[in-house]
Structures are given as structure tokens and as C-alpha cells.
Amino acid sequence: MQYSNVQMLGIAHVDAPKKVTSEEIESRLAPALKRMGIPRGILKKLTGIESRQMFDPSLPPSEGATQAASKAIEATGIDQGELGVVVNTSVCRDAVETSTAGVVHRKLDLGEDCMSFDVGNACLGFINGMDLVSNMIEQGQIEHGLIVNCENTHSAMLATVRRLLDPRTTWATFRDNFATLTLGSGAVAMILSRATGAAREHRFLGGVTMAATEHCKLCTAQVDQMITNTKKLFHHGLELGLKTWEVAREVLGWTIDDLDQFIIHQVGKAHTEKFARSLAIPLSKIFRLYPNHGNIGPAGVPIALSKLVASGTLKQGDRVALMGIGSGINCSMAELVW
């Protein structure tokens, strides 16, 4: 999927207000860790996550998504009546039905001719949403589209802590639930528009996607529980990532030297550094979100991008790689030119 007429008009994020440290989580789990002989400090040691931000457990994902969308609309100055679609891409949703995108649509008071729907694909949801909106722009269906995401994982984390405190909990249960303890929360919104050829447009060029769905059962989640075979997911995810990189090199003409920033979906320290070593990406080219935000699922890549934009790090002409590996397993790599 490659595009010649799409630009990123704007992006904005909302950081969740409550800081929850890895040390705090381990303090809550102290009886279970002691009983199972697990040393304190293991969460930070294995993941590099010092803390993560959390919304109040009662916050509906549509509310965080609406806040981010309002910031993006205000920053770009676009007339929201011009939006042709709003796509929600979060794992966390207000309800199974109706769509969270529909709730965001109502909260923003968007027009009746503006479509709204949810798209879900684990940690790749936002990049998939970008592709869907870009295709609609390329085909002339719409001029502007809004992609939103809000992950509120606080309830899932609290439920996991309660589960692990059960005296019947075994080491295997702790291992299978460990990834849930790395999750963070946050919200983000992006506006994609038809490119006009004006100077300083931020062009979204699209990218490539590959699948290895023989591994689709390595991470499964319900509202209050996520079970992950971390070791196998890490191994096969990296394996697919390397294959996808080879396709990107061929189709997109990518080289490490030509790309200025790599924004990757970040589970934690081991995943980020292993991925970087495998592709020979200098860590200086990777904005690391995980130390103070944890794993924010599909919001991670766009929030990292939004923070780079807000910090003024990106320079005109910078080539930015957006790279994600999600449970499924699926992998996408796409390019944004600043």
C-alpha cells in the first residue's frame, strides 16, 4: 500500500495523568512474589519500564480519544465539518457495541455525512487505520480523515494484580500474565488529508505488511486478562519483522542510513534493543517511549511520533519509519516524510 496524494495534517496526544511505577506494582504483589520466590525489581530489570501512565479506571476510551481529537483539530485549524471519516483503532473500547468511533463522532458533533467505525488488529490497529483512511483519500472518497486511539489498561492491570495475589497462583500463571503488568495508557489522534503539493507538507507514503498467522494464539486477551507466551511471541515477532524489513528494502528502497527516525512499537527494553541490533539500527535513531510509558499497544507508535513532533525533533525532509509488530502475528512498516 503506497500513496502519492496523502499528507499528515496534524497529530496530538494526551498523556494519562496517574504515574504508576514498577516498584509500586511489585509492592502490591509482594505476598505473591515472596511466596513464589521471585526477586523484587524483576519487572524493571526485564522490561526497562520504570513507570507507566494510567487513566482513572472508569474513563471510557471514547473520552480520551475525543480529548486527543479535539487537540488535533484545534492544532490544525481544520473545520471539523470537513472530516469524512473517524476511525477508532484501540484495543480498549467503551463496549462491544456500539462502536467507540460512533461515540467519538457524537462527542465531537461531527456531521451526518461523516462515516465512523472501529478497526482492531492488536498493536497494529493505528497503522492499519492510517492505511484505510489513506486509501479513501487516494480514491477520492474523502478529503480529510481522523484516526483516534485511547488505551485505558488500568482495570486490566488491577484485575491481574488481584489474580496473581490468589494463593493458588503458580509461577506459570505469573509468567503468562507478566506482559499485562507492562501495559500503560494514553490517547492520540491523527488527521490525514489530501496532499496539495504545498511546501512543508508531511507526506504519508504508505508501506508494506506481512503476516505469520500460524502464531495467532501466542497472545490472547479479554477485557480483564491478557495471556501471553512472551518468549515465543518475541522470537516469532522478530522473525517476521526481519522478513518485513527485507520487503521494505526492496519495495520502499529503505536503507538504515537513509532513514532519520525509527518509531517502533515498543514492548520494553529487550524487544527494542534486540530489534535494533538485528537490523543494525542505531539506538540514537529510536525514540524510546517504554521507560516512562510502558507498552501502550496500538497507541504507542503514534504517541511516540506525536512526542517527537511536539519536541521539535523532526526537521523538514526527515524520513520517518513507522514500524509495528502485533499479536496475530502481523508486521507493518510505513514511511512518513516530514
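Met190 and Leu314 fall within a single hydrophobic cluster, where Ile, Leu, Val, Met, Phe, Trp and Tyr are joined by side-chain heavy atoms under 4.5 Å apart, directly or via other members.
Judged by distance alone, the side chain of Lys307 and the main-chain N or O of His13 form no donor-acceptor pair under 3.5 Å. Although no hydrogens or angles enter the test, the distance criterion places a donor-acceptor pair under 3.5 Å between the side chain of Asn152 and the main chain of Leu59. One N or O on the side chain of Glu201 and one on the backbone of Thr196 form a donor-acceptor pair closer than 3.5 Å. Between the side chain of Asn330 and the backbone N or O of Gly326 there is no donor-acceptor pair closer than 3.5 Å. In this structure, the side chain of Gln67 does not engage the main chain of Val14 through any donor-acceptor pair within 3.5 Å. Panel note: side chain Thr209, backbone Ser332; no donor-acceptor pair is recorded below 3.5 Å. Side-chain N or O atoms of Asp258 include none that pairs as donor or acceptor with a backbone N or O of Thr255 at under 3.5 Å. Formation of a donor-acceptor pair under 3.5 Å by the Arg194 side chain with backbone atoms of Ile137 is found in this model.
The aromatic rings of His236 and His215 lie parallel to each other, with less than 30° between the two planes, well short of the 60° mark. Between Trp254 and Trp245, the ring planes lie tilted relative to each other; the angle falls in the 30° to 60° range.
Between Asp94 and the choices Pro61, Ser99, Cys150, the side chain to side chain contact (heavy atoms under 4.5 Å, CB included) rule is met once, by Pro61.
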Quiz prompt | Glu138/Ser4 under side-chain contact (heavy atoms from CB on, under 4.5 Å): CA gap, chis, key distance, verdict | solution = CA-CA 8 Å; Glu138 288 277 305; Ser4 56; 3.8 Å; yes

Self-check item: Trace of the side-chain contact (heavy atoms from CB on, under 4.5 Å) decision for Gln53 with Ser185
Solution: CA-CA 6 Å; Gln53 300 298 123; Ser185 299; 5.8 Å; no

Self-check item: Lys243 and Glu246: CA distance, side-chain angles, deciding distance, salt bridge (Lys or Arg N to Asp or Glu O under 4.0 Å) verdict
Solution: CA-CA 5 Å; Lys243 290 180 180 179; Glu246 291 304 317; over 6 Å; no

Quiz item: For Met54 and Thr153, what are the C-alpha separation, side-chain angles and deciding distance, and is it a side-chain contact (heavy atoms from CB on, under 4.5 Å)?
Solution: CA-CA 7 Å; Met54 289 291 185; Thr153 59; 3.6 Å; yes

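The two residues Met8 and Leu192 make their nearest non-hydrogen contact at CA-CD2, 3.7 Å. Listed here is the closest heavy atom pair of Leu43 and Thr47: O-OG1, 2.5 Å.
In this structure, a donor-acceptor pair under 3.5 Å is present between the side chains of Ser22 and Arg52.
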